[in-house]
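A short write-up of the structure that comes next.
Because only heavy atoms are used, hydrogens play no part in the values below, and waters and symmetry mates are left out as well, while side chains stay in. Keep in mind that what you see is a predicted model, and the values were worked out from it rather than measured. Sequence lines set the chain letters: A, B, ... in the order given, protein chains first and strands last, and positions in each chain run from 1.
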Number of protein chains: 2
Amino acid sequence: MTARIEPIKKSRLSEHVGNILLQMIKDKVYIPGDQLPSERELAEQFQVSRASIREALKIMEKTGYLESRVGVGGGTFVREITLDTIIDPFAEFLESEDNMVMEMLDFRLIIETEFARIAAVQRTTDDLNAISASLDLMQLDIAAGGIGLVGDNGFHEAVARATHNNVFEKMLLMSKSLLNKTRETTLRLKNQPKSSLADHRAIYQAIKEGDGDKAASLMHQHICKARENARISLRKAAALSEGKQLENS
Amino acid sequence: MTARIEPIKKSRLSEHVGNILLQMIKDKVYIPGDQLPSERELAEQFQVSRASIREALKIMEKTGYLESRVGVGGGTFVREITLDTIIDPFAEFLESEDNMVMEMLDFRLIIETEFARIAAVQRTTDDLNAISASLDLMQLDIAAGGIGLVGDNGFHEAVARATHNNVFEKMLLMSKSLLNKTRETTLRLKNQPKSSLADHRAIYQAIKEGDGDKAASLMHQHICKARENARISLRKAAALSEGKQLENS
DNA sequence: GTACTTTCAAAGGTTCTACCTTTTAAAGGT
DNA sequence: ACCTTTAAAAGGTAGAACCTTTGAAAGTAC
């Protein structure tokens, strides 16, 4: 009989440590808010070097399970896992996609249309007030010569919130932050804020009346406009950069 | 004049290193398959200790950007990043979020309905073939006594792909893996795979005919069924665990 | 007694150095 | 020609020392 080959546990120490800690968190040995032992203590308990502990902790920190603070009262703390924990890296991943901006706008077209429809049914009085507040905010900013961007964003967020579905809200926030990171802000500068505000008001009315189809249809048109503006701006930008290249050659 | 307070660069060294490396990968300085300099070289180049380098590398490894092998010919290599790398670590956790599963299903209901509509317009012959292939796959599996899960998933992915919008596809994959990893698989066990396959066939026909409204409507019904099944299963599970608790008290 | 200042200690962050383990290719022996 | 040994490269681990941050306690001035 040839020597049995052990499956070996060639895994790295830090991984092992990480897995154990993760399991402890899953088993509620440590719950969100709890403080873990200090790195030095952990090193002693696990009988490994502090470096291994640190590597495990660092990974878990980056992954969102832990949080560490220095100084007195500092230490390593267990964090609440939320959808954001996953959405953030996902967003980064999407950022590398080529046509991301336009495709994301198409995505928004889909989801926001339906959000409006659902919001019209699910909205509470508080939701209506929140939406209404965003309208006022936008109007004030426009009156002051601004473009009402904050109110604009606030409107779309308030509508998403009115669906009372966390996933919906998070998805909207993700797509928004992705677009903001690129250049949506600048793309929107040339829009007619007043026209946009008028759209918002109409959508608000439909939601208030509980008319889902109408709200959806209006939101659809509204986003379509924004998308077309973006498309034009992107074309301009593309043409411009192409012109520059020709200039250079 | 009181001393100007510098904004300070309080970020951790390892983070800084990680960001630079990440940027280099994003800028294609290093592309998948490339080997990074050894830890010792990196430490020298960045003028930081090897430990800091290692922490950065470890994080990037866990995040899926890098891979390291020991021994001669070993080293740190750039990896192709995939969605799974991002989502896997969290799937288990989000499952425990109470409303997440149902909310995510609502999300799928929205996006897949529209995906079907768009796919009906944008699909190429290749797309049709891909969708058709998933139908065959599912049928074969069912005939063999399986539940056709692979073909089922393949169908929805193929439809998303037929929209020719990367963001759409990625969104579907994300929501799918978040659900799949938990208990969607078990939830489906009691369904009628045949009924599901029939739905798929009808949707396929609509897409083939280029009838967006019909495709959307059929997909909507299809996902609604799945959602209802999930709702029932979740209720059962909840009742069961409640029963257990009562038993214990 | 109150309020400001100093000091101290805990905890994470960084560095250094030494050594271990894995792995492959080249050198060398049979 | 084939097998064995060995050397070197690269990541993995260990442990000690030192830095930085930060809040609280001790001390001091008013």
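Phosphate proximity of D:dT13 to A:S49: absent, as no side-chain N or O sits under 4.0 Å from OP1 or OP2. Side-chain nitrogen and oxygen atoms of B:S68 include at least one within less than 4.0 Å of the OP1 or OP2 phosphate oxygen of D:dG12. Of the side-chain N and O atoms in B:R54, one or more sit less than 4.0 angstrom from OP1 or OP2 of D:dG12. The side chain of B:T76 contributes no N or O atom lying less than 4.0 Å from OP1 or OP2 of D:dA10.
Rounded to a whole Å, the CE atom of A:M60 is 14 Å from the P atom of C:dG12. Rounded to an integer number of Å, the gap from B:L13 CG to C:dG13 P is 11 Å. Atom NE2 in A:H16 sits roughly 17 Å away from atom P in D:dG12 (whole-Å rounding). Atom pair B:I53:CD1 and D:dA10:C1' shows a separation of 15 Å (rounding to whole Å applied). When the C1' atom of D:dG11 is taken as reference, atom CZ of B:F77 falls 11 Å away, rounded to whole Å. A straight line from CD of A:Q35 to P of D:dG23 spans 14 Å, rounded to a whole angstrom. Following rounding to the nearest Å, A:K58 (NZ) and C:dT14 (C1') show an atom-to-atom distance of 9 Å. The CD atom of A:E55 sits 13 Å away from the P atom of C:dT14 (whole-angstrom rounding).
Within the structure, salt bridge (charged side-chain N to carboxylate O under 4.0 Å, His left out) contacts touching residues 127-147 of chain A (residues at least two apart or in different chains) do not occur. Sorted by first then second residue, the salt bridge (charged side-chain N to carboxylate O under 4.0 Å, His left out) pairs that include residues 19-32 of chain B, not counting sequence neighbours, are A:E92-B:K26.
Looking at B:T124, its side chain does come within 3.5 Å of a backbone N or O of B:D126 through a donor-acceptor pair.
In this structure A:R227 satisfies the salt bridge (Lys or Arg N to Asp or Glu O under 4.0 Å) test together with A:D106, sequence neighbours excluded. For B:L137, the side-chain contact (heavy atoms from CB on, under 4.5 Å) partners at least two apart in sequence or on another chain are B:V150. Residues that satisfy the side-chain contact (heavy atoms from CB on, under 4.5 Å) test with A:Q139, not counting sequence neighbours, are A:L197, A:R201.
The pair A:E39-A:R50 meets the salt-bridge criterion, since a charged nitrogen lies less than 4.0 angstrom from a carboxylate oxygen.
Closest to the B:V70 side chain, of the nucleotides D:dT13, C:dT22, D:dT22, is C:dT22. The nucleotide whose nearest atom lies closest to any side-chain atom of A:V72 is, among D:dT13, C:dA9, C:dT14, C:dA9.
Shown for residues 38-47 of chain A: residues whose heavy atoms fall under 4.0 angstrom of DNA chain C, namely A:S38, A:E39, A:R40.
Between the base of C:dG13 and the side chain of A:R50 there is a donor-acceptor pair shorter than 3.5 Å.
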